[in-house]
Asker: 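Supplied in structure tokens, the structure appears directly below.
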There are 2 protein chains.
Amino acid sequence: MNTLISREQDYALRIVAYLAGLKSGETLSVKELSKKLAISKSFAARIVHKLKNSGILGTVQGKFGGVFLKANPEELSLLDVLKIVGFNSRLNACLYDDYICPFEDICKFHTFFIKLEKQILDTLSKKKINEFQFFT
Amino acid sequence: MNTLISREQDYALRIVAYLAGLKSGETLSVKELSKKLAISKSFAARIVHKLKNSGILGTVQGKFGGVFLKANPEELSLLDVLKIVGFNSRLNACLYDDYICPFEDICKFHTFFIKLEKQILDTLSKKKINEFQFFT
DNA sequence: ATAATATATTACTAATCGAGTAATATTAAC
DNA sequence: GTTAATATTACTCGATTAGTAATATATTAT
């Protein structure tokens, strides 16, 4: 099994999409969130924390604390969320900046992969979280 | 570093594209091939062997033996080659057949990923090896 | 026959990464 | 102070990748 998007990144998308469905002012505990989305509590907590550090989530500590979406789900793209949780996948190794290709310009695969990858990333950044809300 | 296409699969593409440039009847030893493409001889040999088993390459054993392309490079797609060397990557884990999703139909990410992945695979199967020949 | 030079085939290793778990600290409501 | 929440770090297990090494087998030239 090899995937462009890791489990953690997938979970992050689902967490944000789920929170986008909360009413304004409402919060949800990580415990509830992890139950609803079938993610372990520890794992969910770690992801939530990363998302909070980036500013797109807000959290309330202490008893009756919880989590809520701060960003506007109509402007927040899938790629935004993915990058927050470390998305760095490429179509092919030769697309990484520090890759030294012995064929430089003559390799037609390189230019082909660049184009295809751009298409994928464009799609991921055009799609916004509000289109993926649960229960709407 | 995480890539959809592994090094081995990338090498396979390059090997096939390189062989597509040989004159009819000509063969090239794995040793030469590995030098030209900057792949270790052992690794190249293993890949060549897989490609030969699938039928798209022919090999001649013994002294003055070598390797040549049997398939028609105008009909051989990138996806064909990738699959021969074990390409099985997916955009997201939920796309694997044996993945049990607790959300079944209600998850909008699932349908989105299916569509995007189909686009990628279509592109990879429309592109044929002859478009990627070296030195033409 | 034998030496030389190819491919064929398998086994091994080292490193990295992903996924998840566990434990503890900190914070805030009551 | 107790309870229940997030914050933070460390750890483990397993799978995968990339590459190496070693040996077997095949073919041809001499």
Side-chain angles (χ1 to χ4, degrees), chain A residues 1-12 14-15 19 26-35 37-55 57-70 82 85-90 92-94 96 99, chain B residues 1-12 14-15 19 26-35 37-55 57-68 70 82 85-90 92-94 96 98-99:
Chain A
M1 194 166 91
N2 177 42
T3 58
L4 200 75
I5 293 171
S6 71
R7 306 305 300 125
E8 182 184 12
Q9 288 152 14
D10 175 58
Y11 294 159
R14 291 201 259 148
I15 287 169
L19 292 176
E26 202 178 351
T27 69
L28 193 65
S29 74
V30 170
K31 192 177 168 187
E32 283 304 311
L33 194 55
S34 68
K35 266 191 207 161
L37 296 176
I39 312 170
S40 87
K41 204 185 109 189
S42 292
F43 206 179
R46 197 169 56 190
I47 296 168
V48 159
H49 185 57
K50 285 185 189 175
L51 295 168
K52 181 241 167 182
N53 278 346
S54 81
L57 297 192
T59 59
V60 180
Q61 275 193 321
K63 197 171 180 179
F64 304 121
V67 172
F68 60 97
L69 183 64
K70 266 173 75 180
L82 290 173
V85 283
F87 180 78
N88 187 35
S89 299
R90 311 297 300 256
N92 193 27
C94 71
Y96 283 97
Y99 184 84
Chain B
M1 193 168 89
N2 178 43
T3 58
L4 200 74
I5 293 171
S6 71
R7 303 306 300 126
E8 182 184 13
Q9 289 152 14
D10 176 58
Y11 293 160
R14 289 200 261 149
I15 287 169
L19 292 177
E26 200 178 351
T27 69
L28 193 65
S29 74
V30 171
K31 192 176 168 186
E32 283 305 311
L33 194 53
S34 69
K35 264 189 208 161
L37 297 176
I39 312 171
S40 89
K41 203 186 110 191
S42 294
F43 205 179
R46 196 168 60 190
I47 296 168
V48 160
H49 186 55
K50 285 185 190 177
L51 295 169
K52 180 243 169 181
N53 278 346
S54 80
L57 296 192
T59 59
V60 179
Q61 274 192 323
K63 199 171 178 179
F64 303 121
V67 171
F68 60 96
K70 264 173 75 180
L82 291 173
V85 282
F87 180 78
N88 186 34
S89 299
R90 310 300 297 256
N92 193 28
C94 73
Y96 283 98
D98 58 352
Y99 185 83

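A quick note: this is a predicted structure, and the numbers were derived from the prediction, not measured. All values below were derived from every heavy atom in this structure, side-chain atoms included, with hydrogens, water molecules and symmetry-related copies excluded. In what follows, every chain begins at residue 1, and chains take the letters A, B, ... in the order their sequences are listed.
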Asker: Using atom CG of B:Asn53 as one end and atom P of C:dA8 as the other, report the distance to the nearest whole Å.
Answerer: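 That distance rounds to 8 Å.
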
Asker: Which listed nucleotide (C:dA19, D:dA5, C:dA6) is nearest to the side chain of A:Lys31?
Answerer: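 That would be D:dA5.
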
Asker: Quick one: on DNA chain C, does B:Met1 or B:Val30 contact a more 5' nucleotide (nearest heavy atom)?
Answerer: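 Residue closer to the 5' terminus by nearest nucleotide: B:Val30.
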
Asker: Quickly work out the B:Leu51 CG to C:dA8 C1' distance and round it to whole Å.
Answerer: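 Computing the B:Leu51:CG to C:dA8:C1' distance gives 14 Å.
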
Asker: Of the nucleotides C:dT26, D:dT27, D:dT8, which has the atom closest to the B:Gln61 side chain?
Answerer: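 The closest nucleotide is D:dT27.
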
Asker: Round to the nearest Å and state the distance from A:Asn2 atom CG to D:dG14 atom C1'.
Answerer: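 Roughly 16 Å, once rounded to whole Å.
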
Asker: So does B:Thr59 get a side-chain nitrogen or oxygen closer than 4.0 Å to the phosphate oxygens (OP1/OP2) of C:dA8?
Answerer: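 True: B:Thr59 side-chain N/O within range (under 4.0 Å) of C:dA8 OP1/OP2.
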
Asker: Among D:dT3, C:dA19, D:dA5, which nucleotide has an atom closest to any side-chain atom of A:Lys63?
Answerer: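 For the A:Lys63 side chain, the nearest candidate turns out to be D:dT3.
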
Asker: Round to the nearest Å and state the distance from B:Glu32 atom CD to C:dT5 atom P.
Answerer: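 Computing the B:Glu32:CD to C:dT5:P distance gives 13 Å.
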
Asker: Please report the distance, rounded to the nearest Å, between CG in A:Leu19 and C1' in D:dT6.
Answerer: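 That distance rounds to 14 Å.
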
Asker: Of the nucleotides D:dT20, C:dC30, C:dT9, which one has an atom closest to the side chain of B:Phe43?
Answerer: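 Side chain of B:Phe43 sits closest to D:dT20.
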
Asker: Who pairs with B:Tyr96 by side-chain hydrogen bond (donor to acceptor under 3.5 Å, both in side chains), at least two apart in sequence or on another chain?
Answerer: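 B:Tyr96 satisfies side-chain hydrogen bond (donor to acceptor under 3.5 Å, both in side chains) with no other residue.
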
Asker: Nearest-Å distance, NZ (A:Lys41) to P (C:dA23)?
Answerer: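 Whole-Å distance recorded here is 13 Å.
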
Asker: Below the 4.0 Å mark, does D:dA18 have OP1 or OP2 next to a side-chain nitrogen or oxygen of B:Tyr11?
Answerer: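 Negative; the distance criterion is not met.
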
Asker: In whole Å, what is the span from the CG atom of A:Leu4 to the P atom of C:dG18?
Answerer: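 In whole Å, C:dG18 P lies 12 Å from A:Leu4 CG.
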
Asker: Where the side chain of B:Arg7 is concerned, which of D:dG19, D:dA7, C:dA6 is the nearest nucleotide?
Answerer: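 That would be D:dG19.
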
Asker: OP1 or OP2 of C:dA8 less than 4.0 angstrom from a side-chain nitrogen or oxygen of B:Lys52, does that happen here?
Answerer: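 It does, given that an N or O in the side chain of B:Lys52 lies less than 4.0 Å from OP1 or OP2 of C:dA8.
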
Asker: With a 4.0 Å cut-off on heavy atoms, is B:Ser42 in touch with a base, just the backbone sugar-phosphate, or nothing at all?
Answerer: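 Base contact - B:Ser42 has a heavy atom under 4.0 Å of at least one base atom.
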
Asker: Rounded to whole angstroms, how far apart are CD1 on A:Ile39 and C1' on C:dT21?
Answerer: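 Result: 15 Å.
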
Asker: Take B:Ala93 and B:Ala45, find for each the nucleotide of DNA chain C with the closest heavy atom, and name the residue whose nucleotide sits nearer the 5' end.
Answerer: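 Looking at DNA chain C, the more 5' nearest nucleotide goes with B:Ala45.
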
Asker: Whether the side chain of A:Arg46 and the base of C:dG20 hold a donor-acceptor pair under 3.5 Å is what I'd like checked.
Answerer: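 Under the 3.5 Å cut-off, the side chain and the base do form a donor-acceptor pair.
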
Asker: Please determine whether a side-chain nitrogen or oxygen atom of B:Ser40 lies at a distance below 4.0 Å from atom OP1 or OP2 of D:dA18.
Answerer: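 No.
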
Asker: At their closest point, which heavy atom of A:Ala44 faces which heavy atom of A:Val30, and how far apart are they?
Answerer: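 What the structure gives for the nearest pair is CB-CG1, 3.9 Å.
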
Asker: Determine, stepwise, if the pair A:Phe87 / A:Ile5 fulfils side-chain contact (heavy atoms from CB on, under 4.5 Å).
Answerer: CA-CA 7 Å; A:Phe87 180 78; A:Ile5 293 171; 4.2 Å; yes

Asker: So, OP1 or OP2 of C:dA8: does either fall under 4.0 Å of a side-chain N or O from B:His49?
Answerer: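 Yes, such a contact exists.
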
Asker: Does the side chain of A:Asn2 reach to within under 4.5 Å of the side chain of B:Asn88, using non-hydrogen atoms?
Answerer: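 A side-chain contact is absent here, since even the closest heavy-atom pair is not under 4.5 Å.
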
Asker: Got a donor-acceptor contact below 3.5 angstrom from the A:Thr3 side chain to the B:Asn92 backbone?
Answerer: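 No.
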
Asker: When you compare the side chain of B:Val67 with that of B:Lys52, does any pair of heavy atoms fall below 4.5 Å?
Answerer: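 B:Lys52 does not reach B:Val67 side chain to side chain.
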
